[in-house]
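All values below come from the heavy atoms of this structure, side chains included, with hydrogens, waters and symmetry mates left out. Proteins come first, then strands; the chains are lettered A, B, ... in the order of their sequence lines, and each starts at number 1.
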Amino acid sequence: MADEKEQRYDPAAVETKWMQRWAADSSLYAAEPASGGKPKYYVLEMLPYPSGQLHMGHVRNYSIGDALARHMWMRGYNVLHPMGWDAFGLPAENAALKNNTPPREWTLHNVAAMKRQMQRIGFSYDWATEVTTCLPEYYRWNQWFFLRMHEKGLVYRKKSKVNWCPECATVLANEQVVDGCCWRHEETKVEQRDLEQWFLRITAYAEELLNDLETLEGWPEKVRTMQRNWIGRSQGTEVDFFLEEINHGTGERGNEGTERRRIRVFTTRVDTIFGATSVQLAPEHPLVAALTCQDAGLRAQVAGLIEEQRRAREAGDVGAIEKHGVPTGRFAVNPYNGETIPIWIANYVLMEYGTGAIMSVPGHDERDFEFAKKYAIPIRRVIAPAGGPGNEPSDEPELPFTAEDGLLVNSGEYSGLSCAEAQKRLKDVAVRGGFGEAKVIFRLKDWGVSRQRYWGTPIPMIHCERDGLVPVPDAHLPVILPEKIEITQTGGSPLARVADFVNVTCPRCGGPAKRETDTMDTFVDSSWYFYRYTDAKNNAAPFGRERAGYWFPIDQYIGGVEHAILHLIYSRFWTKVMRDLAMVKNSEPATRLFTQGMVIRNGAKMSKSKGNVVSPDDMVAQYGADATRMYALFAAPPDRDLDWQEDGVAGVSRFLGRVWRLAMRHAAVVKDAATGSHPSSQERSKEWATSSCSGTAQKLLRKMHRTIAKITLDFEGRWHFNTCVAAIMEYVNALQDADAQLGSGEVPSSVLRELLQTLALLLAPFAPYLAAELWVQLGGQGSILRAPWPESDPGLAKENEIEVPVQINGKLVAVVRVAADADGQTMEAAALADEKVKARTAGKTPAKVIVVPGRAVNLVVK
RNA sequence: GCGGAAGUGGUGAAAUGGCAAACACACUAGCCUUAGGAGCUAGCGCCCAAAAGGCUUGCGGGUUCAAGUCCCGCCUUCCGCACCA
């Protein structure tokens, strides 16, 4: 036997065989009903867009989820591990234009192709729960949710600015605007247009979305921080300044007899209001028209400011343009002290935030300071740092002084108060005086879901001439997206030209009416898809309450960090809405979130233009699916970027070949060994005590138990799969080093069997094809996919003897061997007896000896 | 500017405060041969001809018997947000 040429492992043959066998068994990866009594585990990877090709980022993402799912099955959990397709979106329309293929056909063709790729790699999805978002049985529930939200006042319509390409005659997403031009027409400037749009009132949940971030301890801090910033809560005060009216006949200023007009500003620092030396309006502020009506030159300047802001916004560097503004010649009155200060129009004030007007306090705000310097507006100090003797204000801080831990000065009756105290009092005075209130402002905006495109969920609303906006009744759902239509890039939404679709009778009055032709943002589809997996065939509801109640929240969600804001904030919002509709009990969709790093090559993200794209198909064809996915886990910890090196894949493939040959050398002996379960830990311990188990066998069993412990711990803890794979490699190296003893019978066949079967079990989450084949070849019982995960016995994992470093003054000088359970005295004695140590101490007695049992000895010698 | 993460051999990386570089890749030398993208053996952080020895985790301090790891201050890179009042 030994002389005979060993057979090489042929991944293509073995993997294809098992792929077909597994595909034929629909129960293999199926979730069980709740009544089974097992603990549940819902592991989810973000669903892909069906572009037609898996890329390496997908392979990495799904390899992580797959290893976890397989591990949890082996640990005895009832696992839900589904997959689906985020199948609406613009690429299908572009492909339709380019190839004259209908979007539906193109999309479903891609879905089939990618599903084949996933099956070839061997991902353990339950295809019975597959969700495809572009099919009516899914998107009808988008429409259903839209109607429920409409009933709850969470849907509204309003005019809003959108990116508009005049060449395409359609709206563009922000991502499709490149340097202010259309991505398809590089010469065409994108315009900002005002259009009626549908919005979802996500801001109604702003406070809760923010607060609940605190409960998401299983989410990366980075994602929580990004969401916190995105929601952008800020607490402050709104205050009305009074507009000083002008009598145009006499030119006199005054307010006799009339209700005074007001300019409302928002500030987080009302305590600095005595330092306000101007009021600044955003160029688009509604009052601007009235203030500039007498002065054409002024109007032109304002138009210039707006134009400049627009250009900057399109170029994506609003923050970079220089601050400037124009004085209106008009004045406002500070409600606290009656002071009259000029009104300016400034390009750094944003209409979209707060009230579109601010009080400018150059002494205590960086931006106001810069502006005031430029235009010689007075700068006044009204806050001084505390800290002099007796806590009086200290001298002249450098301006602008923006810290909030000071005392008020030059602020009338409020002088001497702390900032915090002053904020409280000034707010109360404003409320009592009827010129202000406490206010919380969010950066988060309502979610604009209208898209003037074809390939998306039709918005279920009808415009009736008589009844206005009328929701489509539930009984009429789904509003089917028409097929076989002409897709063009001119003339707005393609749906608007489909007469059969547009013309309907009003459900309320029966008169002629027109359908809404906007479709929904595709982020709607992905906001709740993971609930549908629990009940994918339900015709009566998006999903059943009991099923969702059993499976939710998701135990582990895995995906790219690029979804940290949009998808993950929308789906948190959607979950809270569903909770308020009494459809689910959980307030958050996922307990734990993991964001894996990018797959890069030669230090750059893979992209066609860089020519550094690696195709999963090529890798699988050359090295096999096991080697490809195992490399994806081995090359780096999963949260870090992974540099794809083909030599590394080849290395993993050689390793799997070594495993194969090692196992096959001993398969015959192992298969003949007694069947049934392995000896218990107690029996093994007894064998050791009676030395019927040789030194080599003990050593290898010890290594085995240590390897099990390490891998099990990593699955439960920090998820460093690279060190899991390394641990398996070490284990295999140890077995291979003892190959002679394994073959000679020095290691009993029952031990040999346990060593090799355990190897197959440890490999199962990472290299399932090879593991399945080994399991059969080694006489394993049943399917390895449901075989129990091996248990590590701490007693058997323990070493007899350990090496202990001996340091002198913290520097390593020797290593001594002692019994693993040696006490401090024994270790100290062993250290002092060492020749090198004796030479170094040169007869001096150590001033101090630190012994850390089982770890180290350190001698302090002066 | 604000926030987050990271910085260790030629490369990917490893290291509950306790022997820095495990596990791989690449490379070097040798063996084997049914000549393979195969297998096996050995070497492989830096300095010194070698040994002995010394040095080494971005930089500078500190805490500790002991620091890649903890603390303080810098530098660099990547990512996100950014005129948010």
> Expressed as a whole number of Å, how far does the P atom of B/A5 sit from that of B/U11?
26 Å

> With a non-hydrogen cut-off below 4.0 angstrom, is A/Pro637 in contact with a base, only sugar-phosphate, or nothing?
sugar-phosphate

> So, does A/Asp643 use its side chain to make a donor-acceptor pair with the main chain of A/Asn602 at under 3.5 Å?
yes

> Taking only nitrogen or oxygen atoms into account, show me every contact under 3.5 Å that the protein makes with nucleotides 77-81 of chain B, one pair per line with its distance.
none

> Strictly distance-based, threshold 3.5 Å: is any side-chain N or O of A/Asp446 a donor or acceptor partner for the main-chain N or O of A/Ile202?
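Between the backbone of A/Ile202 and the side chain of A/Asp446 there is a qualifying donor-acceptor contact (under 3.5 Å).
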
> Given the P atoms of B/C74 and B/C83, what is the spacing between them in whole Å?
26 Å

> So, A/Arg665 and A/Asp739, do they make that salt bridge, N to O below 4.0 Å?
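Between A/Asp739 and A/Arg665 there is a salt bridge, with a charged N closer than 4.0 Å to a carboxylate O.
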
> Under 4.0 Å between a side-chain nitrogen and a carboxylate oxygen: does that hold for A/Glu221 and A/Arg224?
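Result for this pair is yes, salt bridge flagged.
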
> Between A/Lys427 and A/Glu437, does any side-chain N to carboxylate O distance fall below 4.0 Å?
no

> More 5' along RNA chain B: A/Thr723 or A/Gly810, using each one's nearest nucleotide?
A/Thr723

> Between B/U57 and B/C19, how many Å separate the two C1' atoms, rounded to a whole number?
15 Å

> Quick check for you: among B/C83, B/G39, B/A85, whose closest atom lies nearest to any side-chain atom of A/Lys323?
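Closest nucleotide among those given: B/C83.
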
> What nucleotide among B/C65, B/A13, B/A20 has an atom nearest to a side-chain atom of A/Asn722?
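So the side chain of A/Asn722 is nearest to B/A13.
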
> From the options B/A66, B/G12, B/A14, select the nucleotide whose nearest atom is closest to the side chain of A/Asn858.
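From the listed options, B/A66 comes nearest.
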
> From the options B/C19, B/A14, B/A85, select the nucleotide whose nearest atom is closest to the side chain of A/Phe266.
B/A85

> As a test of reading the structure: which of B/A38, B/A14, B/A85 is closest to the side chain of A/Ile358, going by heavy atoms?
B/A85

> Would you find a donor on one side and an acceptor on the other, under 3.5 Å apart, between the side chain of A/Asp368 and the backbone of A/Val361?
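Yes; at least one donor-acceptor contact below 3.5 Å.
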
> Under 4.0 angstrom, heavy atoms only, what part of the nucleic acid is A/Arg718 near: base, sugar-phosphate, or nothing?
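Sugar-phosphate contact only.
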
> Rounded to the nearest angstrom, tell me the gap between atom CE in A/Met351 and atom P in B/C83.
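Atom CE in A/Met351 sits about 16 Å away from atom P in B/C83.
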
> Considering only side-chain heavy atoms of A/Glu803, which listed nucleotide, B/A13, B/C19, B/A85, is closest?
B/C19

> Whole Å only: how far is the CZ atom of A/Arg640 from the C1' atom of B/G4?
16 Å

> Starting at atom CG of A/Asp368, determine the distance to atom P of B/A85, rounded to an integer number of angstrom.
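So the CG-P distance, A/Asp368 to B/A85, works out to 12 Å.
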
> Is A/His705 reaching over with its side chain to a backbone N or O of A/Pro794, donor-acceptor style, under 3.5 angstrom?
no

> Is A/Glu322 salt-bridged to A/Lys374, cutoff N-O under 4.0 Å?
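Looking at A/Glu322 and A/Lys374, the cut-off is met.
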
> Within less than 4.0 Å of OP1 or OP2 of B/A20, is there a side-chain N or O belonging to A/Lys811?
no

> Between B/G53 and B/G3, how many Å separate the two P atoms, rounded to a whole number?
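Per the computed distance, 49 Å lies between those P atoms.
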
> Report, one pair per line, the protein and nucleotides 23-26 of chain B atoms (nitrogen or oxygen only) whose separation is under 3.5 Å.
residue: B/A24; atom: OP1; partner: A/Asn733; partner atom: OD1; Å: 3.4
residue: B/A24; atom: OP1; partner: A/Asn733; partner atom: ND2; Å: 2.7
residue: B/C25; atom: OP1; partner: A/Arg654; partner atom: NH2; Å: 3.1
residue: B/A26; atom: OP2; partner: A/Arg654; partner atom: NH2; Å: 3.4

> Please state how far atom CD1 in A/Ile728 lies from atom C1' in B/A22, giving the value in whole angstrom units.
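To the nearest whole Å, that distance equals 15 Å.
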
> When you compare B/A52 with B/C71, how far apart are their P atoms, in angstrom units rounded to a whole number?
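Per the computed distance, 38 Å lies between those P atoms.
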
> Donor-acceptor pairs under 3.5 Å, side chain of residues 828-836 of chain A to any protein atom, not counting sequence neighbours: which ones?
residue: A/Asp834; atom: OD2; partner: A/Lys836; partner atom: N; Å: 2.9
residue: A/Asp834; atom: OD2; partner: A/Val837; partner atom: N; Å: 3.3

> With RNA chain B as reference, determine whether A/Lys836 or A/Ala357 sits nearer its 5' end, using the nearest nucleotide of each.
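This one resolves to A/Lys836.
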
> Would you kindly give the CZ-to-C1' distance between A/Arg665 and B/C40, to the nearest whole Å?
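Roughly 11 Å, once rounded to whole Å.
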
> CZ of A/Phe721 versus P of B/A14: gap in Å, rounded?
14 Å

> Considering residues at least two apart in sequence or located in another chain, which fulfil the side-chain hydrogen bond (donor to acceptor under 3.5 Å, both in side chains) criterion with A/Lys798?
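In terms of side-chain hydrogen bond (donor to acceptor under 3.5 Å, both in side chains), with neighbours along the sequence ignored, A/Lys798 is linked to no residue.
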
> Within the 4.5 Å heavy-atom criterion, are A/Ile358 and A/Val279 side-chain neighbours or not?
no

> Atom CZ of A/Phe442 to atom C1' of B/A85: distance rounded to whole Å?
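Result: 16 Å.
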
> Students often get this wrong, so: under 4.0 angstrom with heavy atoms, is A/Val857 touching a base, only sugar-phosphate, or nothing?
nothing

> Going by a 90° cut-off around 0, is B/G73 syn or anti?
anti

> Could you work out the separation of B/A15 and B/G68 based on their P atoms and round it to a whole Å?
15 Å

> Tell me the stems RNA chain B sits in, counting at least three consecutive Watson-Crick or G-U wobble pairs, each under 3.5 Å on both distances.
B:1-7 with B:75-81, B:10-12 with B:23-25, B:27-31 with B:39-43, B:45-47 with B:53-55, B:58-62 with B:70-74

> Using the P atom on both, measure B/U69 against B/A6 and round to a whole Å.
13 Å

> Between B/G3, B/G7, B/G37, which nucleotide has the shortest distance from any of its atoms to the side chain of A/Thr225?
B/G3

> Would you say the side chain of A/Tyr631 and the base of B/G12 hold a donor-acceptor pair, judged only by whether the two atoms sit under 3.5 Å apart?
no

> Determine the contact category for A/Glu238: base if any of its heavy atoms lies under 4.0 Å from a base atom, sugar-phosphate if only primed atoms, P, OP1 or OP2 are that close, otherwise nothing.
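Answer is nothing: A/Glu238 stays at 4.0 Å or more from every strand.
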
> Please answer whether the main-chain N or O of A/Val649 pairs with a side-chain N or O of A/Ser653 as donor and acceptor at a distance below 3.5 Å.
no

> Taking any heavy-atom pair under 4.0 Å as a contact, classify A/Gln622: base, sugar-phosphate, or nothing.
base

> Please identify each residue that fulfils ring pair (Phe, Tyr, Trp, His ring centres under 6.0 Å) with A/Tyr336, with sequence neighbours left out.
A/Phe435

> Taking donor-acceptor contacts at under 3.5 Å, does the side chain of A/Glu366 reach the base of B/G1?
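In this structure, the two groups form no donor-acceptor pair.
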
> Would you measure the distance from the P atom in B/G1 across to the matching atom in B/G18 and give it in whole Å?
36 Å

> Salt bridge or not for A/Glu214 and A/Arg228, using N-O below 4.0 Å?
yes

> Measuring from A/Thr267:OG1 to A/Gln423:CD, what's the distance to the nearest 0.5 Å?
8.0 Å

> From CG of A/Leu812 over to P of B/U56, roughly how many Å is that when rounded to an integer?
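These atoms are roughly 14 Å apart.
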
> Applying a 4.0 Å non-hydrogen cut-off, can you work out what A/Tyr9 is touching in the nucleic acid: base, sugar-phosphate, or nothing?
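Nothing, no nucleic acid heavy atom in range.
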
